[in-house]
Number of protein chains: 2
Amino acid sequence: MSYGLRVRSYAQYCAVARALDVIGDRWNLLIVRELLLRGACRYTDLLNGLPGIATNLLADRLRELEQAGIVARYEAPPPIAAALFSLTARGEQLKDVLIELGRWGTELMAEPIGDDAFHSHWLAFPAELYLEDQTPDRPPIAIELRIGGDTTTLETVDGGVHTRAGAAEDPDLILTGNPQAILGLLTGRLDVATAQARGLEHQGSTTVLRRLQPGKRPPG
Amino acid sequence: MSYGLRVRSYAQYCAVARALDVIGDRWNLLIVRELLLRGACRYTDLLNGLPGIATNLLADRLRELEQAGIVARYEAPPPIAAALFSLTARGEQLKDVLIELGRWGTELMAEPIGDDAFHSHWLAFPAELYLEDQTPDRPPIAIELRIGGDTTTLETVDGGVHTRAGAAEDPDLILTGNPQAILGLLTGRLDVATAQARGLEHQGSTTVLRRLQPGKRPPG
DNA sequence: CAGCATCCGCTTTGATACTG
DNA sequence: CAGTATCAAAGCGGATGCTG
């Protein structure tokens with residue numbers, strides 16, 4: 001039982017510095033990302049969702065974030081009977097920080113994926129935040145994304161775009177391929193022909209893609 | 001000459017993770033803060049503006065940020081004859097990240113200042129970003145802030161608030177005091193009486209303060 | 001198996017001293 | 001002024017062990 005309560009601080013009376021005192025340490029914002037995108041998680045869900053983190057670090061970070069009022073830990077009711085971690089209201093407010101960080105970082109996604117890990121729910125950031133349905137009055141569309149084993153569905157809702165895990169019921173388009181070809185296509189960085197040359201396959205009409213364009217504040 | 005080009009990466013194909021690969025290391029965002037608030041800086045300006053940073057770390061970080069295309073280094077023309085650092089366009093885009101981070105962190109400014117360092121230009125963040133002039137049609141106002149030796153001026157412009165170093169010509173109000181009393185007053189967390197009890201002194205009419213209120217997206 | 005704690009080698013950081 | 005050099009301490013990542 002060693003609990004060294006972290007205290008390293010920038011010691012600057014500045015809002016940015018004080019924010020970084022709390023969430024600036026390695027892995028902290030990515031833990032928040034996972035909880036934001038996936039909702040309440042068990043310890044092992046987080047471990048899987050954060051490839052590369054050491055298990056002791058995750059435990060430490062969760063304690064620190066809990067103490068900072070960002071993460072709440074609670075025992076799940078009998079059916080599950082496990083410890084669950086979720087964001088507090090204060091933690092949810094970090095969403096705006098992550099949005100801006102993701103927007104700024106989207107440009108970096110053009111770099112080849114190399115050996116980077118990929119989880120399809122991470123796509124929710126670029127998709128939900130930067131895409132808009134250009135013709136919201138027409139019937140909604142659904143696009144099914146099949147990336148390395150798992151399937152994600154992208155649906156238009158109220159002029160925006162929503163993502164969820166799993167297959168679509170009656171998709172207008174099915175895209176199968178690697179993460180960067182699909183992301184390149186969705187962000188408009190690649191056209192259909194180029195994306196196909198890079199490993200994308202499709203089934204259905206790609207014209208629905210024209211309805212989804214980067215909105216007023218495009219990333220990069 | 002030891003140059004170990006940092007490569008530690010989260011190795012995750014996610015926009016947030018890739019952004020943090022570049023600007024997530026300790027001190028990086030604070031260096032950007034300084035360059036954003038003060039414009040082009042010399043090495044020693046940055047060293048002074050970042051109390052607590054080790055000089056070798058600053059040198060390392062500037063190299064990394066330069067290589068990442070965030071900071072530009074150039075030799076100033078003859079009159080100055082020194083190396084200057086400034087943000088590139090890509091670096092300026094981090095402003096939105098810092099704004100959200102600062103907004104989130106403002107709540108933490110309620111904690112006592114303790115031994116934290118303070119530079120008055122750091123006030124520009126809360127003041128410019130969160131305050132609005134409620135009656136922009138009336139003649140502009142100027143408030144002079146005197147905090148621990150140096151003086152900052154706060155002026156209303158187009159319904160917003162602008163800050164600059166130095167004294168005001170004909171201030172409507174002069175506030176003298178410690179950082180947290182002044183910040184508490186400006187953010188509306190403290191009223192005039194309470195702020196006075198905590199060390200604030202004023203000269204002029206405090207009613208102008210009512211014109212400056214937190215805008216539609218208040219911090220915290 | 002879920003949820004950690006411990007140990008260990010390596011890297012990063014921080015404080016200080018020194019140099020052109 | 002603008003850094004480099006040195007070194008101790010802390011943090012991180014990986015492996016493994018322990019407990020319900």
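The structure presented is a predicted model; accordingly, all values stated were derived computationally and were not measured. Throughout, a chain's letter reflects where its sequence line sits, starting with A, and its residues are numbered from 1.
For the 3.5 Å distance criterion, the side chains of B:Thr163 and B:Thr152 fail to qualify, holding no donor opposite an acceptor. Residues B:Arg33 and A:Gln12 bring a donor and an acceptor atom of their side chains to less than 3.5 Å of each other. Judged purely by distance below 3.5 Å, without hydrogens or angles, the side chains of B:Thr176 and B:Glu201 never pair a donor atom with an acceptor atom.
The distance from atom CD1 of B:Ile31 to atom P of D:dG3 is 12 Å, rounded to the nearest whole Å. Look at CG on A:Leu47: it is 13 Å from C1' on C:dC1, rounded to the nearest Å. A straight line from CG of B:Leu58 to P of D:dA2 spans 11 Å, rounded to a whole angstrom. Computed from coordinates, the B:Leu84 CG to D:dG3 C1' distance equals 15 Å when rounded to whole Å. In this entry the distance linking CG of A:Leu30 with C1' of D:dC12 reads 15 Å, nearest Å. The CD-C1' distance, from A:Glu66 to C:dG3, rounds to 14 Å in whole Å. Atom CG in A:Asp21 sits about 15 Å away from atom P in C:dT13, given to the nearest Å. Summarising the geometry, the separation between CG on A:Leu62 and P on C:dC4 is reported as 8 Å, rounded to the nearest angstrom.
Of the candidates D:dG11, C:dA15, C:dT6, the closest approach to any side-chain atom of A:Asn56 belongs to C:dT6. Distances were taken from every side-chain heavy atom of A:Tyr43 (C-beta onward) to each of D:dC12, D:dG14, C:dG3; the shortest belongs to C:dG3. Comparing atom distances between the B:Thr55 side chain and each of D:dA2, D:dC12, C:dA17 picks out C:dA17 as nearest. Comparing C:dA15, C:dT13, C:dC4 by their closest approach to the side chain of B:Leu57 singles out C:dT13.
Close to C:dT13, at under 4.0 Å from its OP1 or OP2, lies a side-chain N or O of B:Arg61. Applying the 4.0 Å criterion to OP1 and OP2 of C:dG3, one finds that A:Thr44 has a side-chain N or O inside that range. Between B:Trp27 and C:dG14 there is a side-chain N or O to OP1 or OP2 distance below 4.0 Å. In terms of phosphate contacts, A:Arg42 brings no side-chain nitrogen or oxygen within less than 4.0 Å of OP1 or OP2 of C:dC1. Distances shown here put every side-chain N or O of B:Arg26 at or beyond 4.0 Å from the OP1 or OP2 atom of D:dC12. Put simply, A:Arg73 has a side-chain N or O that comes within less than 4.0 Å of OP1 or OP2 on C:dC4.
Classification of the A:Phe118-A:Trp122 ring pair by plane angle, with boundaries at 30° and 60°, yields perpendicular.
Counting non-hydrogen atoms of other residues, nucleotides and ligands closer than 6.0 Å to CD of B:Gln203 gives a total of 12 or fewer.
Taking the nucleotide of DNA chain D with the nearest heavy atom to each of A:Ile53 and B:Asp45, the more 5' of the two is matched to B:Asp45.
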